[in-house]
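Throughout, protein chains are lettered first and strands after them, A, B, ... in sequence-line order, and every chain is numbered starting at 1. All values below come from the heavy atoms of this structure, side chains included, with hydrogens, waters and symmetry mates left out.
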There are 2 protein chains.
Amino acid sequence: MSSAAPGATVGPLPRRQMLADDVHEAIKALIMENAIAPGARVSIDGLARQLGVSPTPVREALARLESAELVVKEPLRGYRTTPLLTREQLDDLYQFRLLIEPWAAGRAAEQADDGGRDRLEAEMRSCATPADDTYDSYKALAAHDTRFHVLVAELAGSTQVRRAFERTHCHLHIFRLHYDRGLGEQTLSEHRRITRAILDRDPTAAEAAMRDHLETACYERLRPVSEEAGGPTRVDPQG
Amino acid sequence: MSSAAPGATVGPLPRRQMLADDVHEAIKALIMENAIAPGARVSIDGLARQLGVSPTPVREALARLESAELVVKEPLRGYRTTPLLTREQLDDLYQFRLLIEPWAAGRAAEQADDGGRDRLEAEMRSCATPADDTYDSYKALAAHDTRFHVLVAELAGSTQVRRAFERTHCHLHIFRLHYDRGLGEQTLSEHRRITRAILDRDPTAAEAAMRDHLETACYERLRPVSEEAGGPTRVDPQG
DNA sequence: ACAGGAAATTTCCTACACGATCTGAGTGAT
DNA sequence: ATCACTCAGATCGTGTAGGAAATTTCCTGT
């Protein structure tokens with residue numbers, strides 16, 4: 001009999017007190033912030049020294065990042081960050097997004113409860129106008145884009161879809177391919193259109209809006225890569 | 001200029017000479033074979049002794065298995081195999097499969113090349129008649145089911161879809177929930193129907209066949225779980 | 001310029017120390 | 001007598017340090 005208020009769930013309390021966990025987050029942040037070039041080598045001992053820990057937690061963190069496909073391991077040679085996506089891989093990625101995200105938008109329009117819709121409105125309110133051309137501004141917009149798409153998947157009520165989306169790390173890949181190209185006002189207006197359809201509980205409109213949004217983005221993204229089409233479009237910073 | 005025969009791709013040769021990799025496969029096999037009960041504790045030192053290695057590669061392997069969601073980690077307490085799926089999670093899983101697999105079957109019907117179609121026929125030929133009621137027979141059929149669905153996703157030409165499917169580990173969960181329930185002749189006949197549609201290059205029929213197949217399986221699977229519906233359907237082998 | 005080889009760096013694994021958690025018995029109070 | 005609490009021992013996860021094996025790099029000799 002604790003003195004918990006009725007209706008207050010106690011929660012399983014996170015229990016975060018592992019060095020390896022912090023190391024994992026630190027390395028993930030390094031990759032997400034593009035502080036390590038795509039395809040560049042990631043030294044275990046180097047990171048250990050840099051972070052002031054022993055190699056063991058670094059090794060554990062890198063093993064997890066490998067499963068998340070943020071780094072790749074070459075036996076007896078070490079880890080590298082995942083190379084840039086080829087044109088085929090980017091195409092494949094958007095095909096997958098077109099398969100799951102319009103569906104998610106439709107289900108979100110059908111099933112989102114009041115709390116969910118509030119969160120969606122709050123997210124849209126939180127980034128009224130970016131328009132700035134600075135690096136930080138672009139980064140903030142990219143972060144909003146990530147949150148928005150994850151939120152839509154969450155509102156659809158499917159854990160599997162949300163995780164499948166998150167595991168693509170599509171924003172990381174897009175960011176690395178061209179963090180300069182402004183996905184500015186147009187992105188926001190498309191997000192607003194999706195949001196409106198969800199708030200209006202109009203699944204058909206939500207699906208269509210999401211599909212249009214992705215197809216627009218897909219065209220935007222694929223254009224610059226096609227300059228060097230033909231070859232495998234592999235990056236090798238060392239060579 | 002090597003002396004390779006024309007048309008023979010040399011391949012990047014796997015370079016498998018890491019103990020941690022073998023340990024990873026060994027533990028994965030243990031889980032897949034259901035040698036460790038769902039939700040049971042997995043001791044690092046215990047596995048290290050059992051496999052005759054030091055704890056370090058075991059930790060690396062478990063870290064990767066955690067990202068694959070085959071085990072879960074409780075800080076300072078160790079790892080456990082993932083618990084049995086609740087009814088909601090199983091429902092969610094089939095919803096996801098219904099989203100991506102009929103699509104994959106349709107694309108496979110459209111795009112599969114001759115080599116792919118040969119592989120599909122070979123897979124279907126390889127398991128002519130199971131019908132046996134033994135555990136091994138069921139296990140063989142489950143293995144065929146896995147290979148079949150992965151192959152369809154592969155023939156669809158989408159790496160993202162194939163990986164998303166593989167990462168669900170749906171066959172592991174189904175197997176653990178009830179490895180007794182015979183998905184015998186009916187499964188094979190449904191597979192044959194899907195195969196026929198793909199070989200006939202009929203996307204509409206392939207999609208419909210896959211959808212029917214999953215819906216049938218879904219009903220089969222969900223029925224026994226509903227016996228104990230209501231509660232969270234959590235398993236606690238220790239208690 | 002190119003082949004061969006040795007030194008340096010790095011990965012990978014083992015062995016060990018520390019700290020936290022869990023199990024059980026024992027003690028005390030109700 | 002039953003229950004709750006406490007406290008020791010054992011067990012296990014976590015991080016550090018060190019050594020063996022492999023790779024990469026650089027240098028030398030032809």
Side-chain angles (χ1 to χ4, degrees), chain A residues 1-3 12-28 30-31 36-37 39-67 70-83 236-239, chain B residues 1-2 12-27 30-31 36-37 39-67 70-83 236-239:
Chain A
M1 306 273 192
S2 69
S3 60
L13 56 110
R15 297 186 73 156
R16 270 271 186 103
Q17 45 177 332
M18 285 197 16
L19 190 53
D21 222 334
D22 297 337
V23 170
H24 176 258
E25 291 302 319
I27 301 177
K28 188 172 170 182
L30 280 178
I31 298 174
I36 311 176
R41 296 198 56 169
V42 177
S43 162
I44 294 177
D45 281 318
L47 273 176
R49 275 191 297 274
Q50 187 177 335
L51 296 172
V53 298
S54 73
T56 302
V58 176
R59 177 178 297 280
E60 195 166 327
L62 284 173
R64 301 213 312 239
L65 289 170
E66 190 200 7
S67 286
L70 267 65
V71 298
V72 292
K73 178 162 119 172
E74 294 164 274
L76 302 180
R77 269 198 285 185
Y79 290 91
R80 312 171 78 98
T81 53
T82 51
D236 192 358
Q238 251 62 7
Chain B
M1 308 277 184
S2 67
L13 57 109
R15 297 189 71 151
R16 272 274 183 98
Q17 43 180 331
M18 284 200 15
L19 192 52
D21 223 337
D22 296 339
V23 171
H24 173 82
E25 291 302 319
I27 301 176
L30 281 177
I31 299 174
I36 310 175
R41 295 198 55 171
V42 177
S43 162
I44 294 178
D45 283 319
L47 274 176
R49 275 191 297 274
Q50 188 177 334
L51 296 172
V53 298
S54 76
T56 302
V58 175
R59 287 168 58 182
E60 194 168 327
L62 284 173
R64 299 210 313 230
L65 289 170
E66 190 200 9
S67 287
L70 267 65
V71 299
V72 292
K73 177 160 128 170
E74 295 164 273
L76 302 180
R77 266 199 287 188
Y79 290 91
R80 310 170 79 96
T81 54
T82 52
D236 193 358
Q238 250 65 4

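Regarding A/His24, its NE2 atom lies at a distance of 14 Å from the P atom of D/dG15, rounded to whole Å. The distance between atom CZ of B/Arg80 and atom P of C/dC22, rounded to the nearest whole Å, is 10 Å. The distance from atom CD of A/Glu60 to atom C1' of C/dC13 is 15 Å, rounded to the nearest whole Å. Rounded to whole Å, atom C1' of D/dC12 lies 13 Å from atom CG of B/Leu62.
Looking only at distances, no side-chain donor or acceptor of A/Arg80 sits under 3.5 Å from a matching main-chain atom of A/Glu74. Using modelled atom types, one side-chain atom of A/Thr81 and one backbone atom of A/Gly39 make a donor-acceptor pair closer than 3.5 Å.
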Any protein N or O atoms within reach of nucleotides 6-11 of chain C? Criterion: under 3.5 Å, listing atom names and distances.
{"unit_1": "C/dT11", "atom_1": "OP1", "unit_2": "A/Ser43", "atom_2": "OG", "d": "3.4"}
{"unit_1": "C/dT11", "atom_1": "OP1", "unit_2": "A/Ile44", "atom_2": "N", "d": "3.0"}

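Here the closest heavy-atom approach between residue A/Leu76 and residue B/Met18 is recorded as N-SD, 4.4 Å. Of all non-hydrogen atoms in A/Val72 and A/Glu66, the two that sit nearest each other are CA-CG, 4.4 Å.
Side-chain atoms of A/Leu70 and A/Lys28, non-hydrogen and from C-beta on, do get closer than 4.5 Å to each other. A/Val42 places none of its side-chain heavy atoms less than 4.5 Å from the side chain of A/Leu65.
Taking side-chain N and O atoms only, B/Ser54 has a distance below 4.0 Å to OP1 or OP2 of C/dT14.
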